[in-house]
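The structure appears right after this line, and notes come after that.
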Amino acid sequence: MVAAWLWLLCFLVPQVTLETENRRVLWGPQPVRVRVKDENDQVPHFSQATYKVHLSRGTRPGVPFFFLEASDGDEPGTTNSDLRFHILNQAPAQPASDMFQLEPRLGALALSPEGSTSLEKALEGYYQLLVQVKDMGDQASGHQATATIDVSIVENTWVPLDPVHLAENLQVPYPHHIAQVHWNGGDVHYHLESQPQGPFDVDTEGKLYVTQELDREAQAEYLLQVWAQNTHSEDYAAPLELQVVVTDENDNAPICPPRGPSVSIPELSPPGTKVAKISAEDADAPSSPNSHVVYQLLSPEPEEPAELRAFELDSTSGSVTLGAAQLQAGQNILLQVLAMDLGGTDGGLSSTCEIPVTITDINDHAPEFTTSQIEPVSLPEDAEPGTLVTTLTATDADLEPAFRLMDFAIEAGDEEGTFSLDWEPDSAHVQLRLLKNLSYEAAPSHKLVVVVRNVEELVGPGPGPGATATVTVLVERVVPPPQLDRESYEASVPISTPAGSLLLTVQPSDPLSSPLRFSLVNDSEGWLCIKEISGEVHTARPLQGAQPGDMYTVLIEAQDADEPTLSTSATLVIHFLKALPAPTPTLAPVPSRHLCTPRQDHGVVVSGPREDPDRAGGHGPFSFALGPNPTVQRDWRLRALNGSHAYLTLGLHWVEPREHVVPIAVSHNDQIWQIQVRVIVCRCNVEGQCMRKVGRMKGMPTKLSAVGILVGTLIAIGIFLILIFTHLTLARKKDLDQPVDSVPLKVAV
C-alpha cells in the first residue's frame, strides 16, 4: 500500500510569546505530519504470462539474452517490494538440467557454463522454463507469481566476413552499403569500431556502410570490428572482424622535390659531369603503374645532333649530366624536366620540375696589360720620392673577383730599387712611383719591365711568364739655382756712418758651390755698394737725407758665375739709427785669442776701455754689443759678465778654422767705442789646446845645430864618467898598499 501522509491542523489559538533571558519562544499553530505504514498486501506479477525467446548457438555463457519484467504494488525501496527471480523447472532436462541461469535480482536469463558446453551437442531446438518471482527479498515468507519462457535454439549466423575491396574516390551515393552481419538471437544491438578511425557505420539490422569517399594515400587499409550486444551493452559473442582494403586509383601526379639553391658547375667541366638527380615522388601505390615515373627534358630544348646538346637526361633515373656543348662562365640556366607517371603512357599525370644551374668561373685567364709599350716619361732629376711616373692598367677576363686579383712587380731595369709599384688589392691599376732620388750623371735613363700575374693559382697549363709592360724613364738634368746663407738680410746703421763702412757680407749657403757674382738692385739713393766677388756691402757715400727710424730696402742679386741663367735674390733692409754725438773712438786691437771648433764650453773675456782721465766717460759701466754684420751676429754670441767685461763665444757648433776679427761696440752714455777682437778658431786636442802646424820659430836652433848640441852633450857625459872611474881605481889601489894589521877586522855576526 502506498503510504499516505495526512496533515492535521490544530485549533487556532492566540499567539503567545514567552521570553527568557536568552531566547524568545513563540507559541502558535504548527503543522503535524502523520505517516501510514505499508503492509505487504500486494502480490508481484510478471509483465507477461508466457515469453517467446530466441537463443543463438555460440552465445557466451553468463551473458544475458533475455530480461524478465515484474512489478509489486507495495512501497518501492522496501522489503515488501524487493523481488527475487528463480527458475523452477527446465524442460527438457537434456543434455543437462541446469542449461540456464537466472540472475535473482535483475531477472537476467543467460546460458550457464554447463549449458554453453552442452548446447553445441544438444539436438533439441526448444526449451521451456518455468520461472518464479517472489517479494520480501530472500525471506521465506512473501507473495509469489510464475511465468513461462519458451526458448527457441537457432543456428549461429555470427560467422567471419571476407575482406572488402573499395576503390578510392568511389563516386556513389553515401552512405554506401559494403557488408552485412546478423545475430540470430533475440534483443540485439550492434556496435562498430574502426582501426584506424574511419568513415564507417552499422545500423540496427547489422548492415555496414562507408559514409564518404576513401583516399588510399591517406589510409590504405582499415580493420572493422562489429559486436552483437544485449540491451545492457554486453557482448553476446566475440566481435567479427572485417578488413577493408582501399584499392589505388591514379589520382596523384608526381611531386617534384622543392626547388633548391642553384647548382654550381665550374666552366670547362667535361661532358658527363653530374649536374643533379631528380627524384619525383608519386603517392599512388608503390610498384604499380600509377607510381611508375619517367622523365623528359623540356628546357633547354634538346637539340640534335648530340654535340649541340648542353645537358643529357636519363629518363629512368632522372640523372642530369653535362652534354658536349660548352657552357660559358656566368650563365644562369633553368632546367625544366617533365615527370610523368604510368611510365609516360597516355592518360598519366605529370608535373614539371625545375633545377637552377649556374656556370661558375674558374681562373683560366691570365691578366694582360692594356698597353705593353709605354711612351717615354721624362722626370727632372730633382723629382721628389713618391712622384707618380705613370699608371699601368691590366685586365683579366675571369668573372670571379678573387680570380681578378693581380700581383705586380718590376721584373727588370731597377737594380738599385729607384722605383716602386703601388696598387690596391682589388684594383686593375698600378702606379709606378719614384722611390729614390734620380741622378742624371749616374743614369740618364731607366728602362723598366713591369710584370703582372694572378694572385690565385691559374687553372690549366702552367702559369707562364706573365704579361709585361715596358716603361722608359728619361732623367732630365737639373742645375739648382744658387742659394744664399740667408733668405733676407737686415742691418742697423747710424745716419752718421761714414762712406766705406762695412755693413755685412753676403755669402753662398754652400761654400763649395760655384762662385757667385753679386749686384744691388733698387738702390735709389746710391747709399750702398756691394763687392761683386766677396759680397761685402759698404756704404757708398754719407747717408745724407736719412732719418732715424727710417728703413731703406734694396735687393741683392746673386748670379751663378758658371751658369749666368741661374740666379737668386734676397732683400736687404737698412734700419737707420740716430747719429752719434761724437766721433766714435776706436780702441787698440785686442790681442789674439783662440777658441775651439767644434764648439766647447769656453770663450773669450772682453774688457771695456781702461780708465783714462783725459777721456770723458772712461769708466763704466759699459754696454757690449756685436757689430751689425749679420754674419758676425750669426757666428758669434756675446753676453755681459758685469759692468766692465763681456764673454764672447761661438754662436754655431762649427765655425771655419781660421783667424776671425769680431767687431764689438762698447758704449757708455752717449759714447761708443769699436773694439776689434781677433779670435783664432782652430781644432783642439783633448786638453782644449789649439793644434797648430809645426814650423820654425824665431830664435830656435836649426836641425844641424841641434845635432851638434846633442853630440857635444854626449861627449861631455862620457868625459865625466871616465873621470869618476879613474878616481875610484886609484882609491882602491891605495887601500891595497896598507899593512895587514891596519886593515880593520870584520865582526862576525
Side-chain angles (χ1 to χ4, degrees), residues 253-283 286-287 289 291-346 348-368 394-406 426 428 453-464 466-467:
I255 299 176
C256 296
R259 178 172 170 176
S262 182
V263 179
S264 297
I265 302 297
E267 65 172 331
L268 303 183
S269 296
T273 299
K274 182 178 179 180
V275 177
K277 183 176 182 180
I278 300 175
S279 180
E281 299 290 338
D282 194 306
S287 303
S291 61
H292 180 204
V293 180
V294 296
Y295 304 93
Q296 177 185 345
L297 184 63
L298 296 179
S299 175
E301 186 176 353
E303 298 184 12
E304 296 292 345
E307 57 267 16
L308 299 180
R309 293 198 292 265
F311 297 94
E312 298 287 350
L313 173 66
D314 187 322
S315 61
T316 302
S317 66
S319 178
V320 181
T321 57
L322 289 181
Q326 290 293 329
L327 297 172
Q328 299 299 320
Q331 283 185 270
N332 292 307
I333 303 168
L334 183 62
L335 293 179
Q336 292 184 323
V337 177
L338 186 66
M340 304 171 289
D341 61 13
L342 292 182
T345 58
D346 293 340
L349 304 177
S350 63
S351 298
T352 301
C353 305
E354 294 182 342
I355 304 175
V357 178
T358 299
I359 308 302
T360 59
D361 187 32
I362 62 173
N363 192 19
D364 59 334
H365 293 90
E368 296 181 354
T395 60
D396 192 311
D398 289 313
L399 300 179
E400 185 67 28
F403 299 153
R404 295 202 303 267
L405 296 179
M406 306 176 196
D426 56 349
R453 294 185 179 91
N454 269 125
V455 173
E456 297 291 332
E457 183 179 358
L458 196 64
V459 178

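- No donor-acceptor pair closer than 3.5 Å links the side chain of Asp341 to the backbone N or O of Pro254.
- Of all the heavy atoms in Thr273 and Pro270, the pair that sits closest is OG1-O, 2.6 Å.
- Distance CD/Gln331 to CG/Asp361: 12.0 Å, rounded to 0.5 Å.
- In this structure, Arg404 contributes its side chain and Leu399 its backbone to a donor-acceptor pair below 3.5 Å.
- A pairwise comparison of heavy atoms in Leu335 and Pro300 identifies CD2-CD, 3.3 Å as the closest pair.
- For Ala253 against Ser351, the heavy-atom pair with the smallest separation is CB-OG, 3.9 Å.
- Contact annotation: the side chain of Tyr295 never approaches that of Leu338 to less than 4.5 Å [non-hydrogen atoms, C-beta and beyond].
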Under the side-chain contact (heavy atoms from CB on, under 4.5 Å) criterion, do Val263 and Lys274 qualify, and how do the steps go?
CA-CA 10 Å; Val263 179; Lys274 182 178 179 180; over 6 Å; no

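- Summarising the geometry of Ala276 relative to Ile355, their closest heavy-atom pair is CB-CD1, 3.9 Å, with the distance given to 0.1 Å.
- Here the CD1-OG1 distance, from Ile265 to Thr358, works out to 9.5 Å after rounding to the nearest 0.5 Å.
- Shown here for Cys353 and Pro257, the closest heavy-atom pair between the two residues is SG-CD, 4.4 Å.
- The distance from atom CD1 of Ile255 to atom OG of Ser279, rounded to the nearest 0.5 Å, is 11.5 Å.
- If you check the side chains of His365 and Asp398, you find a donor sitting under 3.5 Å from an acceptor.
- Distance check, rounded to the nearest 0.5 Å: CD of Glu456 to CG of Leu405 gives 7.0 Å.
- Atoms CG and CE, on Asn454 and Met406 in that order, are 7.5 Å from each other to the nearest 0.5 Å.
- Taking CD of Glu267 as the start and OG1 of Thr360 as the end, the distance is 7.5 Å to the nearest 0.5 Å.
- Few gaps surround CD on Glu354; more than 12 heavy atoms of other groups in view lie less than 6.0 Å from it.
- Annotation for Thr352 and Gln336: closest pair CG2-CB, 4.2 Å, computed over non-hydrogen atoms.
- Counting heavy atoms from C-beta outward, Val357 and Leu327 have side chains that stay 4.5 Å or more apart.
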